[in-house]
Amino acid sequence: MTHQGTGQGRRGSTGSGRKGPDDARSAQAASAGLWLRLFLAALLGGVLTSGLVLPWKVLALVLSVLALASGVVALVKAISAKLPRLVVLATALGLAAALFLAAGTGASVLLWPVTQNYEDCMSRALTLHAQKECEEGLRNLDGFGR
């Protein structure tokens, strides 16, 4: 005869609701992995969109700031989940890259008129001399307050 409904046939099962240390560690690693994937996707998106012309550089700035934020969370979670040192090191290096990307695209967006003049000039430049003049205008901040 079976013991249906009494729960006597379920002794030793893991349905007690308590998580063991392995379950908690795997949950931390899964959470860190999710944040690491978000960080990588945002950083890759920021790098790919940073070469676009000006209105789209704002997207690169947003993605690089998202990469910075998610990278910090991912780094903290990777350290707390005791992931391998290579993962922690790669995340830290990726954070440095995201910081440089955010600074570069932020400068381009903040200097909108200068960047706009440079991009317009480079789109019309057919010779090396014309490209050098465009670069010289960028160095002199042509279009900024003039």
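The structure displayed is predicted, hence computed values, not measured ones.
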> Kindly indicate, with the supporting measurements, whether the criterion side-chain contact (heavy atoms from CB on, under 4.5 Å) is fulfilled by Val62 and Leu66.
CA-CA 6 Å; Val62 169; Leu66 176 65; 5.5 Å; no
> Please evaluate residues Val58 and Trp112 with respect to the criterion side-chain contact (heavy atoms from CB on, under 4.5 Å), reporting the C-alpha separation (whole Å), side-chain torsions for both, the decisive distance (0.1 Å), and the verdict.
CA-CA 10 Å; Val58 175; Trp112 190 290; 3.8 Å; yes
> On a heavy-atom basis, which atom in Leu43 and which in Ala97 lie closest, and how many Å separate them?
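Scanning both residues completely, I find the closest heavy atoms to be CD1-C, 4.4 Å.
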> Kindly give the heavy-atom pair with the smallest separation between Ala29 and Leu83, and that separation in Å.
CB-CD2, 4.2 Å
> Working to the nearest 0.5 angstrom, can you tell me the gap between Met122 CE and Leu138 CG?
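If I round to the nearest 0.5 Å, the distance is 9.5 Å.
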> Could you measure the distance from the CG atom of Leu75 to the CH2 atom of Trp35? Nearest 0.5 Å is fine.
13.0 Å
> In sequence, state the C-alpha distance, the side-chain angles, and the governing distance for Ser50 and Leu101, and then conclude on side-chain contact (heavy atoms from CB on, under 4.5 Å).
CA-CA 8 Å; Ser50 66; Leu101 181 65; 3.8 Å; yes
> Show the nearest heavy-atom pair for residues Ala67 and Ser70, with the distance to one decimal.
O-OG, 3.4 Å
> Apply side-chain contact (heavy atoms from CB on, under 4.5 Å) to residues Leu63 and Leu59 and explain how you reach the verdict.
CA-CA 6 Å; Leu63 286 172; Leu59 179 61; 4.1 Å; yes
> Treating Ile, Leu, Val, Met, Phe, Trp and Tyr as nodes and any side-chain heavy-atom pair under 4.5 angstrom as an edge, say whether Tyr118 and Leu54 lie in one connected cluster.
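No; tracing contacts between hydrophobic side chains, which count when under 4.5 Å, never links both residues.
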> Rounded at 0.5 Å granularity, tell me how far OG1 in Thr105 sits from CG in Leu52.
11.5 Å
> Are there over 12 heavy-atom neighbours, none belonging to Leu128, within less than 6.0 Å of that residue's CG?
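Counting other residues, nucleotides and ligands, CG of Leu128 stays at 12 neighbours or fewer.
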> Enter the distance from His129:NE2 to Lys132:NZ here, rounded to the nearest 0.5 Å.
9.0 Å
> Honestly curious: do Leu99 and Leu95 fall in one hydrophobic cluster under the side-chain, below-4.5 Å linking rule?
yes
> Specify the closest pair of heavy atoms between Ala125 and Cys134, including all atoms of both residues, with the distance to one decimal.
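Smallest interatomic distance, heavy atoms only, reads CB-SG, 4.1 Å.
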> Would you say Val109 ends up clustered with Val65 if hydrophobic residues are merged whenever their side chains have heavy atoms under 4.5 Å apart, either directly or through other cluster members?
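Yes.
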> Would you say Val88 ends up clustered with Val72 if hydrophobic residues are merged whenever their side chains have heavy atoms under 4.5 Å apart, either directly or through other cluster members?
yes
> To the closest 0.5 Å, what do you measure between CD (Glu119) and NZ (Lys57)?
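Here the rounded value is 5.0 Å.
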> Once side-chain hydrogen bond (donor to acceptor under 3.5 Å, both in side chains) is applied, what residue pairs with a partner in residues 76-96 remain, sequence neighbours excluded?
Ser31-Lys77
> Would a single hydrophobic cluster contain both Leu38 and Val73, if residues Ile, Leu, Val, Met, Phe, Trp and Tyr are joined by side-chain heavy-atom contacts under 4.5 Å?
yes
> Judged by atom type as modelled, is there a donor-acceptor pair below 3.5 Å linking the side chain of Gln131 to the main-chain atoms of Leu126?
no
> Does Leu111 have any side-chain contact (heavy atoms from CB on, under 4.5 Å) partners at least two apart in sequence or in another chain, and if so, which?
Val114, Thr115, Leu141, Phe144
